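To start, I am sharing the structure in question, which I have written as structure tokens.
Note that this is a predicted model, so its numbers are computed, not measured.
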Amino acid sequence: MPRSNFNGNSSVRTSRIDRLLRERLRKNIKASHSNEANGNEAIDLEPRFMEGDDILERYLEGASAARDGWEKPDGGLVTQRLLVVANRLPVSAVRRGEESWSLEVSGGGLVSALLGVKEVEAKWIGWAGVNVPDEPGQQALTKALAEKRCIPVFLDEEIVHQYYNGYCNNILWPLFHYLGLPQEDRLATTRSFQSQFAAYKKANQMFADVVNEHYEEGDVVWCHDYHLMFLPKCLKDHNSNMKVGWFLHTPFPSSEIHRTLPSRSEILRAVLAADLVGFHTYDYARHFVSACTRILGLEGTPEGVEDQGRLTRVAAFPIGIDSERFIHALESSEVQKHIKELKERFSGRKVMLGVDRLDTIKGIPQKILAFEKFLEENPYWHDKVVLLQIAVPTRTDVPEYQKLTSQVHEIVGRINGRFGTLTTVPIHHLDRSLDFFALCALYAVTDIALVTSLRDGMNLVSYEFVACQDEKRGVLILSEFAGAAQSLGAGAILVNPWNITEVAASIGQALNMSAEEREKRHLHNFLHVTTHTAQNWAETFVSELNDTVVEAQQRTRQVPPPLPVEEATERYLQSSNRLLILGFNATLTEPVDTPDRRGGDQIREMDLKLHPDLKEPLKRLCSDPKTTIVVLSGSDRAVLDENFGEFNMWLAAENGMFLRSTGGGWMTTMPEHSNMEWVDSVKHVFEYFTERTPRSHLELRETSLVWNYKYADMEFGRLQARDMLQHLWTGPISNASVDVVQGSRSVEVRPVGVTKGVTIVRILGEIVHSKSISAPIDYVLCVGHSLGKDEDIYTFFEPELPSEGIGIPRPKLSDMTKPSGDKRSEKNGSKSSQKQTHQRPPENTRIDNIYNNSNSNNVAANGGRRSSPSPDTITWNVLDLKGDNYFSCAVGRTRTNARYLLPTSDDVVSFLRDLSRAS
């Protein structure tokens, strides 16, 4: 069962645990009363064998429509629809005439799993496996499939060739199984890769169009496997409220393997659009989270992947089989007949069994070579053991598979010729599948099951073998590279299939194992197989998806709505005195186009440049006498001078610690007698970690130091940052009056109490004093990408928050004016000044009478000023700001105190351009 590590609302977490416990108790009680009745409900998990009953047929036709409902808090019952979207439908269609189709049911693991889910009514959406170009044929097939609860997606031959045979089977499948990408030996191959990826996205959109057509509010959409990795994004783009889960049935490779995929970032971001992402094992889930962290630079958490406040849950959901079906099949007369024949045929010999698709990842040659080595080293067993290898042919038209078939046949022939006799051979090799009853009988008489997959998502052969071994108590030898090794590893003998010597020794260990040890191993695995069934897997995933959506909705921090551009522009035009406070980095900068490049283009991104499309809009806005613009940034003075020196605006560098008046020189707003003794010692620590963290860098400012690891390896950078903080707190800043501000990928040390919300008081006072305004400010726009500590600037202007009655401090000009070259001039001050500590200003610093709607005339009469008891502090009634005229907006940060959101700097440019045109 997957574990929930959600750290949100505790009541939500408790209710989920309570529900799971109640559900488990209900299942146990129900099972104890109806084991026999439910024994034959499910269908076969693998297409290796077929059974002649019509259970699946009845299910798909709706004969099982009577279902238990979900228990609501009020005690009522509710049924939920589940739209299962997979590449192939669980039926195959054959055309008999222009408007006539015959449908053949094909068994599979998904059908079996969802058959037992009682809380939902499942409908299937997928490709029927045939090309239907004409409209009458499509209508007839759609009508026929509707009776089976299936909805077709019609793909033409070219799309199928490029999407399915091309991108899915030629690129994604080999990559996910660690076989690597095909070698590009000519330009035409590269072009074909590009066209295959385009077809892949187009096919996924076609699946999405069908889902959207049949979707009803409240439905759960469950997308399956690597064929549909773009589907979650397509669905969420259409309806962000849709409940979407995605499950991968293959391994997910390590991030170093996934990095080689040309479309690596697009694929990951498309999957992250889902609410819940599931894998068979924790290893695969961990690889996925690591890929998102290392390739996309996102935050990996124990719950999943977080991107700007949105969490995609990532969890392990190991699939199972319908164990009761196999257990009850052993009691049937047909299986008993097969068992009797097999016992007579192999009397006096130990039976070893391998059941695999004839595929490169199944390790069949390795298995046979290990058996050969065992026979070579153990002459005693030559005529006392037999290996039965069932190799189901697959992709027989592919040259690589044809070569594998020839290789296996050659090895088998050589071993049989070397160790066989006229009456017996050590290996019986079958290139075909077996029916369900024959396979159950074969499992039942087997002494050792040998699974040597080189890489396998799960491998349910091991589960089926265990389910049929309640009498024989055989031994399972299982590859550690199969997903089942994490579930059955305790009871099986785990091997590295590449180590032929180890596998041969394991065969000897299994043949000579005592009955007592076989019993213990079997009981351990049998308990797991019979409790972790396919139905339990599907039921758990659907319930976890529902819980995940509820938890996301109940998060305390809601994503702010997009900025209402038209309303903001209209109120801007209606106002008479406007204040625009703009950030710089990630707000007004030119974005660097680094498509799908790990770590970005560091040199270009570090060189901050004003967005070229902003120059004309800013000039027009600055020329408006009713508008005052302040660029408030953490960058130093030189950067702001270089980018904004030509504009008629106010510049506030280093979070407002330095201020440049319109057309004037720089002045400092730093408190008098600031103690900066900590700078050198902190700088040494930052330099040390910069040297030992590749691609990190140190930003040396006049009033603060920043260590940035944005371009370094995410996980390593985070570890280094944690180590750095320990060094800082125990050494250089242990007694210093400083704040340590942690960004998502940075560590900043600055004087205590310095935030944008605090310094805006001084900045606003200086602006009002210098302009001698005759009317209060009645419109404020505040746009930026601030660290969490600096977001108090958004709440500073909130009219809904009460005033603290604090006036605007107007620093003395003699203290403020400092030459640009006199950096840290306070560092070597007097001893008395060095001993002073900075008191943190109140969190909600406010201007005295900041929202005085009735006394604006007094402000005008006094020239916007009034006296104060202190000569260093002057207070004004400067704001006549109503809530509707205040627009705070965060850029690219959904976790914010701002009222609104703009996704990127391009959106800021577009808005300011519209604002300048309107004015």
Side-chain angles (χ1 to χ4, degrees), residues 342-343 345-392 401 403-431 442-443 445-456 459 461-462 465 469 472-482 485 489 491-515 517-518 521:
L342 289 170
K343 285 183 176 179
R345 175 69 178 81
F346 300 111
S347 176
R349 304 176 74 183
K350 294 287 187 179
V351 177
M352 295 173 56
L353 176 65
V355 180
D356 307 279
R357 283 184 297 107
L358 191 55
D359 202 313
T360 52
I361 66 167
K362 294 299 183 178
I364 296 177
Q366 286 79 1
K367 179 191 305 183
I368 300 174
L369 289 173
F371 183 57
E372 180 183 26
K373 184 169 184 60
F374 169 77
L375 295 177
E376 197 175 68
E377 296 177 349
N378 297 273
Y380 170 80
W381 288 100
H382 284 188
D383 58 350
K384 294 180 176 63
V385 64
V386 60
L387 171 61
L388 308 181
Q389 177 61 52
I390 311 299
V392 182
Y401 286 77
K403 182 179 179 181
L404 174 64
T405 302
S406 301
Q407 179 188 12
V408 170
H409 288 174
E410 179 184 344
I411 298 173
V412 169
R414 188 188 72 240
I415 295 174
N416 282 341
R418 181 181 177 187
F419 298 103
T421 66
L422 290 175
T423 56
T424 61
V425 290
I427 300 177
H428 289 253
H429 180 86
L430 278 74
D431 282 325
L442 200 52
Y443 283 140
V445 302
T446 296
D447 297 281
I448 300 172
L450 199 51
V451 178
T452 56
S453 304
L454 306 181
R455 191 70 59 174
D456 227 343
N459 194 294
V461 167
S462 52
F465 167 74
Q469 280 287 311
K472 190 84 172 183
R473 305 301 206 253
V475 181
L476 173 63
I477 298 177
L478 180 59
S479 167
E480 62 186 54
F481 298 115
I493 300 176
L494 294 183
V495 295
N496 176 1
W498 295 99
N499 190 337
I500 303 301
T501 303
E502 179 188 354
V503 179
S506 298
I507 294 173
Q509 178 187 351
L511 289 172
N512 294 294
M513 186 177 294
S514 67
E517 184 178 351
R518 292 204 313 270
R521 288 177 178 269

Could you pull out the closest heavy-atom pair between Q366 and W498, with the gap in Å?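 Heavy atoms of Q366 and W498 come nearest at NE2-CZ3, 3.6 Å.
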Nearest 0.5 Å, please: how far is CD1 in I500 from CD1 in I368?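 I368 atom CD1 to I500 atom CD1 measures 10.5 Å (nearest 0.5 Å).
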Strictly distance-based, threshold 3.5 Å: is any side-chain N or O of S479 a donor or acceptor partner for the main-chain N or O of S453?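 At least one qualifying donor-acceptor pair exists.
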Less than 4.0 angstrom from a charged side-chain N to a carboxylate O is my criterion; do D447 and K472 meet it?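 A salt bridge links D447 with K472.
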R455 side-chain N/O to I361 backbone N/O, donor-acceptor pair under 3.5 Å: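 No, the answer is negative, given that no donor and acceptor are paired below the 3.5 Å cut-off.
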For the student: nearest non-hydrogen atoms of I411 and P365, plus distance: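 I411 and P365 have their closest heavy atoms at CD1-CB, 4.1 Å.
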Taking the basic N atoms (NZ, or NE/NH1/NH2) and the acidic carboxylate oxygens, is any pair closer than 4.0 Å for R414 and E410?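 The answer is no: the pair does not qualify as a salt bridge.
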Nearest 0.5 Å, what's the NZ-OG1 distance between K403 and T405?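 Reported value, rounded in 0.5 Å steps: 12.5 Å.
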Polar side-chain atom of T421 near backbone of T424 as donor-acceptor pair, under 3.5 Å: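 Confirmed, T421 side chain pairs with T424 backbone.
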Measure the spacing between CD1 of I364 and OG1 of T452 and express it to the nearest 0.5 Å.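 I364 CD1 to T452 OG1: 7.5 Å, rounded to 0.5 Å.
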Quick check: does any side chain N or O of E372 sit under 3.5 Å from a backbone N or O of I415, one acting as donor and the other as acceptor?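 Not at all, since once roles are kept as given, no pair shorter than 3.5 Å links the two residues.
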Candidate list T446, V351, L442, test side-chain contact (heavy atoms from CB on, under 4.5 Å), partner L342, passing option: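 Among T446, V351, L442, the one that satisfies the side-chain contact (heavy atoms from CB on, under 4.5 Å) with L342 is L442.
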Could you check whether any side-chain heavy atom of E517 comes within less than 4.5 Å of a side-chain heavy atom of S514, counting everything from C-beta outward?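 Side-chain contact under 4.5 Å: yes.
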Give the C-alpha distance, both sets of side-chain angles, the deciding distance and a yes or no for side-chain hydrogen bond (donor to acceptor under 3.5 Å, both in side chains) between D431 and H409. CA-CA 10 Å; D431 282 325; H409 288 174; 2.4 Å; yes
Identify the heavy atoms of L387 and G354 that sit nearest to each other, and give their distance.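 Answer, listing the atom of L387 first, then G354: CD1-N, 4.4 Å.
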Could you tell me whether K384 sits above the aromatic face of Y380, with NZ or CZ closer than 6.0 angstrom to the six-membered ring centre and within 45 degrees of the axis?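 Pair K384/Y380 counts as cation-pi.
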In sequence, state the C-alpha distance, the side-chain angles, and the governing distance for F374 and H382, and then conclude on ring-ring contact (aromatic ring centres under 6.0 Å, His included). CA-CA 9 Å; F374 169 77; H382 284 188; 8.8 Å; no
side-chain contact (heavy atoms from CB on, under 4.5 Å) evaluation trace for I493 with V475: CA-CA 8 Å; I493 300 176; V475 181; 3.8 Å; yes
Please work out which of the three classes, parallel, tilted or perpendicular, describes the rings of F465 and Y443, given edges at 30° and 60°.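 Plane angle over 60°, so perpendicular.
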Decide side-chain contact (heavy atoms from CB on, under 4.5 Å) for L430 and Q389; before the verdict, give the C-alpha distance in whole Å, the side-chain angles of both, and the deciding distance to 0.1 Å. CA-CA 6 Å; L430 278 74; Q389 177 61 52; over 6 Å; no
Can you tell me how far the NZ atom of K367 sits from the CG atom of L450, to the nearest 0.5 Å?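 Interatomic distance, K367 NZ to L450 CG, rounded to 0.5 Å: 5.5 Å.
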So, do I427 and F419 sit near enough that their side-chain heavy atoms are less than 4.5 Å apart?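 No - every pair of side-chain heavy atoms lies 4.5 Å or more apart.
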To the nearest 0.5 Å, how far apart are CG in L454 and OG1 in T360?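 Answer for the CG-OG1 pair, L454 versus T360, is 8.0 Å.
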Working for side-chain contact (heavy atoms from CB on, under 4.5 Å), residues N499 and V503: CA-CA 6 Å; N499 190 337; V503 179; 5.6 Å; no
Rounded to the nearest 0.5 Å, what separation is found between the CG atom of L353 and the CD1 atom of I390?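 Here the interatomic distance stands at 6.5 Å.
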Taking all atoms of both residues into account, what is the closest heavy-atom pair of R349 and V385, and its distance?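 Answer, listing the atom of R349 first, then V385: NH2-O, 3.3 Å.
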Does V445 reach the side chain of F346, with side-chain heavy atoms less than 4.5 Å apart?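 A side-chain contact under 4.5 Å is absent here.
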Do side-chain atoms of D356 reach the backbone of L358 as a donor and acceptor pair under 3.5 angstrom?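 Judged by distance alone, no pair lies under 3.5 Å.
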So which atom in V451 and which in N459 form the shortest heavy-atom distance, rounded to 0.1 Å?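 Closest pair (atom of V451, atom of N459, distance): CG1-ND2, 3.5 Å.
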Could you please spell out the steps behind the side-chain contact (heavy atoms from CB on, under 4.5 Å) verdict for V408 and H429? CA-CA 9 Å; V408 170; H429 180 86; 3.4 Å; yes
Considering non-hydrogen atoms only, spot the tightest contact between V386 and H428 and give its length.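 Closest pair (atom of V386, atom of H428, distance): CG2-CD2, 3.4 Å.
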